[in-house]
Structures are given as structure tokens and as C-alpha cells.
Protein chains: 4
Amino acid sequence: MNTFGTLFRISIFGESHGKWVGVTIDGCPAGIALSETDLLPDLERRKAGAVGTTPRKEDDLPTFASGVFNGHTTGAPLTIIFENNNTRSADYEALRATPRPGHADFVLDKKFSGYNDYRGGGHSSGRLTVALVAAGVVAMKVISNITVQARLVEAGGNANIEAAITKAVEEQDSIGGIVECRAGGIPVGLGEPFFNSIESVISHAVFAIPAIKGIEFGSGFAAAKMTGSAHNDAIVDELGTTLSNNAGGINGGITNGNELVFRVAVKPTSSTPKEQQTWNNNTGAVEPFTVKGRHDLCIALRVPVVVEAVTAIVLADMTLQAKG
Amino acid sequence: MNTFGTLFRISIFGESHGKWVGVTIDGCPAGIALSETDLLPDLERRKAGAVGTTPRKEDDLPTFASGVFNGHTTGAPLTIIFENNNTRSADYEALRATPRPGHADFVLDKKFSGYNDYRGGGHSSGRLTVALVAAGVVAMKVISNITVQARLVEAGGNANIEAAITKAVEEQDSIGGIVECRAGGIPVGLGEPFFNSIESVISHAVFAIPAIKGIEFGSGFAAAKMTGSAHNDAIVDELGTTLSNNAGGINGGITNGNELVFRVAVKPTSSTPKEQQTWNNNTGAVEPFTVKGRHDLCIALRVPVVVEAVTAIVLADMTLQAKG
Amino acid sequence: MNTFGTLFRISIFGESHGKWVGVTIDGCPAGIALSETDLLPDLERRKAGAVGTTPRKEDDLPTFASGVFNGHTTGAPLTIIFENNNTRSADYEALRATPRPGHADFVLDKKFSGYNDYRGGGHSSGRLTVALVAAGVVAMKVISNITVQARLVEAGGNANIEAAITKAVEEQDSIGGIVECRAGGIPVGLGEPFFNSIESVISHAVFAIPAIKGIEFGSGFAAAKMTGSAHNDAIVDELGTTLSNNAGGINGGITNGNELVFRVAVKPTSSTPKEQQTWNNNTGAVEPFTVKGRHDLCIALRVPVVVEAVTAIVLADMTLQAKG
Amino acid sequence: MNTFGTLFRISIFGESHGKWVGVTIDGCPAGIALSETDLLPDLERRKAGAVGTTPRKEDDLPTFASGVFNGHTTGAPLTIIFENNNTRSADYEALRATPRPGHADFVLDKKFSGYNDYRGGGHSSGRLTVALVAAGVVAMKVISNITVQARLVEAGGNANIEAAITKAVEEQDSIGGIVECRAGGIPVGLGEPFFNSIESVISHAVFAIPAIKGIEFGSGFAAAKMTGSAHNDAIVDELGTTLSNNAGGINGGITNGNELVFRVAVKPTSSTPKEQQTWNNNTGAVEPFTVKGRHDLCIALRVPVVVEAVTAIVLADMTLQAKG
């Protein structure tokens, strides 16, 4: 299913090389000032263009198909549409026999009995994250007292991002990275004890972003090596402020009012320029394989704004639920 | 909300020191042979008793309240109930003024305006995992061709678990650990491209388990430091078998038929025997604080069977959905 | 699925001749004063005992398994359990070969491949409405400004209920009836334009009650014979008060602040004392058939309190959503 | 919320006088042959043009924005978009102060704090049913063994539809009607005992259609006046065939394999040419009021194809669930 959320609910649609990509936001409160230009800064942050990103560039101009009237949200479903205008489908035709390693080609072909749109990953393409970013901007306006900021803190194992990219370009091999997200101004009490713990819901949303393979909250995996006396955050006032923040702002699945902190692991772009091996369905043998098409060398560079977007979407939904 | 799943749906209820704890499974297919004794081995694995676990022991005898007739599931909601018979509520009365560091005391009090059952964590207690384990046994029978096995691979930063526990007992401080879960026999095609990626749904379920603060699939966080040519798993036959398994059995959010592999980080038990500091609402000051009651020194010891249970619940649900 | 609702969500479980019948309410706000005795008046109204109802009587004493502490709801799942203590399963053993006309015996056997608990209708029994009534009492406390009242306005085609029952007893044949429900104090704005119109959600809940075969809002079926100028309700003040109420308090699927009015058609009890015909799976022929067991001659007598309950459940859920 | 369904899930968006109206179908199986022209016959049936319908005509040409590739569904979200090209917004500007009787103007203004798109009913317009009809065509292909047919059986209280329309045109007053829907080829076992009874789910979907105020299954309201011996349908073979069909093909909320039959009551079009009374927010008084714009005199004429569509949507969803 391509829908996420309970009261602030988003649904995405579209394919990498189809006509349109879009998102419908259902449950957005009425009366929020919103114009298409409000979306441009975050859409720009997501765009390719920097060293290490794909040469494919889209205009990424959003159109409101519904849900906005006289410059404000109406409370009706808000659909935002993007035209795909820079596709080179021919790049992909030759690859049908040889599923690209690391990509979803093989599983999509099996899951959809060969009927999936295989061009550029079809519906599974990172292209769809443009819709997530658009919805994230709207979500951010719903939770205007909360700040959400994500940044790339490590690429290719190196905390110096620029150096890492330079090395990847030299070696012509793709690299991964780690994105850290921090959210401030969060009230105490978002999240539920078990299945809708804030970690459950954030991780559910974050793993919708292609290429993410891990998430940790607060001290995360480092906590597994700590003692309880070192890990516990001492509460120091009646607001629940803690001296340290090993919990990442969450106790028992519920926000505690301190900064929400999590990190995600982004794998290296599957489409590396390096030669690889894969199965060839036509020849029935493993054969050398080289990716064609235009790709990001370090997709992690473009992930922070998407992580911010899905985090804002989660927080908007849980904020509306908390009022219920 | 305390419900999880779409077609195989579980709801849990109960409190640590209440009368009963239980789970309702809605959507369990009819005709599965099931008796209360089938649940005992996994319930036994979850129990306390080993060095490093709490002296509180429950009988943990399950009763089928509904949904089983003549030794088989009926297709109607299957409710399993456990009596709480070993509670010492008096242990907790004194602690109301001083929220325990690392615990949910503070956030529950705020979220539920002081009406939550504060005894032993109330509904947020690890006691509720007995219900998850029971549901997991039923789920495992729904997906009888799939094997799910989790084990503690590291405690207190040490791969020698016994040594780690011995050290924790000597130092009288709680420790965390890392649990690895592997599932075999999984068909190609479970999971959806975006919001219901298999990583999204498994992480959603896994973060329902108290004390878990991180999850990674396949190479996980290590992937962030790898190059694409090293990380990509070469496909070597028409079944999609891969030479390596850095993807942990998942491409594009969908199972690829290889072993599903993930690891979770378990934080040290919040109730450490060491003295700590916390806010005292009565005195309006930070004061020294020592936990009372009976607790696990390394809760991670009891987590593997719960991780298996929620994984089986996810796979049962997604298997039923894949038939739809 | 046996769950209903979005923020105030109820799940029912149990069988007519099983050990327990129960309901879990998830999402009930914390801090509502509630005791088991609060449930007794409505449970009493649902009970058998009057002329025209079944001689089977249950104690119907509710037990809170979870979710209530110190006389108030805690915000955690609230589970209410009833023991079944007056079952005569032997009555049903002989009937397995001959599906009772009007009952679900035939469809349940097929749907659940013969594994359903066939005693007294199993999970499909009207016995389960005891759980709905219990949940309705809790819902009513959530929407304390709203009044909900249902009554039997017609039985066997006769507006004189007593006369209708007397006639049915004399003729020894079951009869149906019409229940009208009115709710006052409803705010403007509950319900959504399309799929969650207030009519959609109320009818969804009401058709969960066994034996109901029709529902109409306001003028309902009579509206189909009216002209627009006769049917439209003139708005006469700034609060939206209307001169007439042909709309039953609903415009465009949304409550308009006037009284909410709907009527439901209850079919005659399927278990009539009269001889009938049905298929006999053992003999492979249509044969005469007489119902055994204890049954209501006019089940509609016991329906009003259940209609009130599900209406309150819907209104509680939509009220909480409206705050979101 | 504007989404309906569990496995075959539809979401609609758009406004009467906005740029686009559309629907996203999530969960449509891959591999169904589908072209935009397949939708035209049902879209044509829904169109205005006959005597008694509005002079506003739209081209109603559907465009697949996503989810179809090489003439087949891909398994990804299928979005269908319609352009609105025949709007006269000026008709509505003058009416803001005077909520139209029978319409949702008043409730929408309150619910959305005045931010709703008030032109032509905005998102609440019957215009949106074009999206339902489009989704219905796709649903029908999912359940190709099932036939669904609805027709207007009564208008203005008259079984002679033509005569009824002629009279309405003469009297210049809108009229209502009754639509009957019959579905054949339905397997035994769709629907669930309580909350997802087939009556619950069909009525939920049907009441999403504007102007519907009642629904009855099988004998419906007439059943309330019958005796059990007259109402029960005798089962006459091992397939569950019944002699009569008072149950409308449903026992205990579950389809019994006989024809599914239900009727809905359609109220007279709220926009009658007759002068009415309504509150004027500018003058603070009740005043005479005449509707402007172009409207259907008997909207019921255009309802059958929409009833078929939502019925097919429900049956597609329940068929997919039954496989799970």
C-alpha cells in the first residue's frame, strides 16, 4: 500500500518515466496559507546538480490539482502533481534481461509478474521522493512550532563530505553515508506504548525512502555497549529536561520533550560506474554488467531533505492524533 | 493504538500489575491445529530465571478465551489471556514523586494526565511481551514454510555473553546487547515499494518491543562506509540467489528470496542497581535515587524470542496480503 | 475483521457457547470515571426476560480486565469480559447436517471450511451484542454532551408493540420491527464529504448488529417520493436550525446541528417455532425442519439498546477525530 | 477521510470548479488489460444530457497518470485524472451569504472555518462521482466473474420513469427515486460476521454517493412487517440455493451465493427551480431564495452507474481479502 498516516494521510503515485508523479494529502487542516512557491526551496534542496549527483535534472515545478483555494488549504484532499519532462527511456530497454545488482529489478519483475513499468525503476524510483518532499513542506506548516533538520554527517566512512565525494569521483565508485535528523520543540507525549511507539512510526516512514538500511535513536547501537548507569538520562526539572540525551528524546516509545535525535544509514548508490556481475536471463549465465543511464554517485547527498519531510509527516500526523 | 497488522491483526491489552494480560488475533485463518500447550516452549524461553534476569516469575499459562474449537482455529478472533499472579505493587507506591530515569514514568504521567496505572510501568511494561510471544507462536503456524530464529550475539559490548553477564553481576550495573534475527524460506515479493517496505513494517513491529533503540538490515550501518561495487550482491541464478547478502534479503523494500537478516540494538535495562539522580516532584530538587523492585540485569537475554514473535507476525500478515 | 473505529476503536471476541465474550476499547481517553456497575443498566435493558424474548438468561456481569485504575480510565486498552455461564451446547449438535434457514450456519461452514464453532451461531451469535452494549456505555461517557435514544416504534407491522407480541405468541411465529434512533446535542461538522459521511459510518456500525436489513436517515425512503421543494429543510437562523428535518440532521454527509434521526429495519427472528424446510446434507434432500433451543420471538425488542451503543461508538470516534 | 478499502483501496480528490478531479486506486492487481477507452461507456452513462439532467456537460475524458504500462495495470498506484473544462464559477459567488437549503453549504462553511472551496459544492460536489465511476470500471475487471447491474425502478413515487420526469418538468420541481442493484455470480463467503458484514461495507460505500438517504437489503423494510416463517428462505440444495431471496443474498453479514439485491433511496435534487426560504447571513433574516446555476431535475437518473461502481469496488476489495 502506498498510503501512510492516520489523520494526516499521504498517498503517492507515479513512475520514473511516466507522465506525472504526485501525492495526495488527506486530512490536512483547513486554513493553512500555502502556495506552490512555498514548496520550491525544499524541492531545490532535493534536486540533483552538485558534484556526486545525477546529471538528470527535472524542473520539479509543483501544481496543486486540488485542496487549495484562495491561497489556503481547504480541508479537502490536497493533490500536488509534478510533470516528468526529462526521461530517456531508451537507456533501460536493453536491461530487461539482466536485473541490476542492488536494484529492485528482479523482485519487481517477480512480484508483478512482469507487468511493472521497468523503465528507471518505475514506481520504485527515487523520483517519487519529490512527492514526499512536497508533502513534507505541507506537514511542516501543520507543526509550525516544531523544527526538523537533517544533514549528512558522514559519506563513504568519512566525516569530511567533500573529501569523500572527491575520492568517489576519482575512484568512480558509488558511496553511502549517514544522515542525522534532529527535531526541536516537540511536546511531551507523542507516540504510543507499543505498536505506535514514536520509533515504530518514524522508522516505518523513514524506511520508505529508497537506499536506507538502518536507523538508530539517541545513542542507538552504541547503547548496546553501555551500562545502565551511563545510558540513563537524569531528569533535572519538572519539564522533564534531561542532563544527557542518550534516549534521543524518547522514553517508552513516547516523546519526552527533549530533542528528538536519530540517524539513518544510506547504502551506496546501487548504480555504480564499476563493472559488476549479474544473471542474464537470455543466456542463462552470470555475465559482466555495466550500468547505463544517469545516476547519483552518492545518493546520500540528496537524502536529508527527504528524511526531514517524512519526519515532519509523522509528527504532523501524531500531533493531530494527540488532539483527538 | 495497540493494534498491528492488516489481515493478520493483533491487539494487546493489560498492565504489569493488573488482573490479566492478553492478546486478540483477528484474521487468523481457520483450520490451524492449535492447543494451549503449543505456546509453552516459546513462553518458557521468554521467562525469567537465568542469571541476569529478574527474580519475578510468572506461571505464564495461556488460556484461549475464544477462537479455538475442537483443537483448531475457527477463523473468529482468537483471544489468549494470561493471569498476573506474582505482583508486588507496594514496591512502586513510593516512587510516584520521582520518575525513574530511562523509564516512561515521566512521559506516561504527562500523556495520560496522571491517570495511567503507574504500578510496574502499567500497560507499558515488558510484561506485555508475553502476549506478543503468544501471538508469535500462532503466526509461526500460519507461515509454516518459513523459519525465524533470533539470538543474542553481543552483550555489554562483548561477544562472549556469559562473560558479559558475569561482569555485569560483579559490577552491579545493567547492560545492553545486540540481537540478530534470520528468517529462511521467505518467498520473493513480500513488501511494497514505499510505505510498506518490508523494512518499514518489520521495524514498526520491532520498535514495539521495549528497550530497542536501533535496527539495521543486512550490512546496515556498515553499508554506509562501503562502495557500491563492494555492497551490491551479484545475482547468480534465475531464482535470484545472490553471492553475498549485504542487502539482508531485501531489494527496494521487497524480499528477494535470500535469507532475511537484521540486527537490533537493545539498551541496558533502565532499572540498574547503581545509584542515579532524578527530579523529585515533592521536594522540587534533583536527588539521589535507587531503584527498588525486581529487575533484569540484561533484558536483552529475554528479547530474542520476542523479536522472533513480531517478525513472524509481520511475515504472516504480509503472506496473507500477498495472496490477496 | 472485528475492529471498528479510527481513534476510539473497539474489537470484539468470543462465541455464544465459548468461555468468555469480550470487547477491547483502544483509544479511550484517560480520566473518565468508570466502574463496572455503570454498565449494568444498559446491560439489563439488553437482557432477555420480557414476553417475546428468549428464556436463556445470562448474569451479564462485566469484569474490567485492563484499562481502568482507581475508578478511572487510564488511556490504555480497556478490555471488558463477560463469562458465558448458561449454555446448552447439546441443543445444537443434532443440527450440523441441516443448516437453519435464515441463519448463517450454511455460510459460516463454507467460509471457515467447517472449522467454525457452530454451537449457537458461534462468534456470529447475537450474544456478542453484550460486548457492543458495554462499549456503548463507555462511548456515551466520552460524548457526555450528546444524548442518544432508540426505541422500537413498530413490531410485526403494528405500532402497538404489546398487541403485536401477543399476536406473535398466539400464532407462534417470530416477527420483526422498526427501531428509531434520535441523537441530540450533536455539533455541526461531524462526518466527511464522501467515504466517511456520517451516514456511511453509522450504517457501517449499525449493520454489524445481527438481523438488521435496512436503514434510512431523516425521511429516508419516503424522500424518494417527495419533491425538492417539499423535502428541503429551510434554514432559519445562524446556527443552522431548520424548520423541518427531512435531512435527519445531515447535509452532504456532515451533521448540521439538528437532531440526528434514523430508523432501522429488523427482520423477524430466524428461529421461528413454525416448521420450515431446509437441505439435509446427510440425506441429500429437502426436509421439514423445526428449530430447537431457546430463542427470542421478537429480537427487535432487544435491539434499541444495541443501536444506541453503536451510535454512541460512532459519535465518540468522530468527535475525537474532529478535534484532530 | 477520502479513502475507501483495505486491499483494493481508492482515494478521490478534486473540486467541482477546480482544475482536475481524480482517483488513485492502490492495490489493483498487476496484469489487467486496461485502456482509457474502456472507461468511456460507463462515463457516458453517468453524463448529463437526457431530459431531467443538468445542461452542464463535461468531456469526461480520463487520463491515466500512472499505474498502466503497455496496456496493462502494473500493480503500482493507478491514478486517473479528469480535467474540469466547463465551469461557471460566477454562478456561485453571489450565494455565499445564503446557504442553499438541502445542500452542504452551511455545514462545509462551519466544518472548514470558511476555507472550503464553495464554488459548486467544491470537493463535496456530485462532480466527484466521475472518479467513482472510473474506479468502478477497473474494479469490475478485477471481479470479472461477477455481474453488477443497477437501474432506476421508481422516480417521484412513480414506477413509470418517463411519466415522472415529464411531470417534474411541467411542475418545475425536482424529484427523487429508488435505485435497485443486483449482483450475480458472487461466491459464498464474502463479508465478516460483525463490523465488516457485507451490508456494513456496501452501505458504507453507497452512502458516499451524494443524495442517498436509505438502503435496504433483500426484503429490507418490508421484512420488518413479515413473520419468520414467511421471511426465511428455504435452502434447497448443497450449493445453498434458496427458494425465495428475502435475505438479498446475505446471511449473518456474509454472502450466501444467491443474487445480492439491495435498493437505495435517492432524495430529490436539492437545487429545485422552485422558490425556497433560507437564512441570509448578511441581512440576518430568513429570505426568499432561488437557486441559480445548471442542475439535474432528477439526479436519481444518473445514480445507477455510480451505485454499480461502488458495489464493484466493494466486491473487488472483499474478493481480494477472501484470498488472503
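Both backbone and side-chain heavy atoms feed into the values below; hydrogens, waters and symmetry mates do not. In what follows, every chain begins at residue 1, and chains take the letters A, B, ... in the order their sequences are listed.
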| remark: Note: Trp20(A) and Thr63(D) closest approach over all heavy atoms is CZ3-CG2, 4.0 Å
| Do side-chain atoms of Glu15(D) reach the backbone of Ser66(A) as a donor and acceptor pair under 3.5 angstrom? | no
| said: Need one label for Ile12(A): side chain, backbone, both or neither, based on atoms under 4.5 Å from any heavy atom in chain D. | reply: backbone
| task | Examine distances only and state if a side-chain atom of Asn2(D) and a backbone atom of Pro77(A) form a donor-acceptor pair shorter than 3.5 Å. | result | no
| query | Contact part of Ser113(A) toward chain D, heavy-atom cut-off under 4.5 Å: side chain, backbone, both or neither? | reply | neither
| How long is the span from the NE2 atom in His123(D) to the OG1 atom in Thr74(A), to the nearest 0.5 Å? | 8.0 Å
| field | Part of Thr73(A) within contact of chain D (heavy atom distance under 4.5 Å) | value | backbone
| query | How long is the gap from NZ on Lys19(D) to CD1 on Ile81(A), to the nearest 0.5 Å? | reply | 8.5 Å
| query | Is the closest side-chain heavy-atom distance between Asp26(D) and Phe13(A) below 4.5 Å? | reply | no
| task | Evaluate the ring planes of Phe69(D) and Tyr118(A), with Trp represented by its six-membered ring, and classify them as parallel (under 30°), tilted (30 to 60°) or perpendicular (over 60°). | result | perpendicular
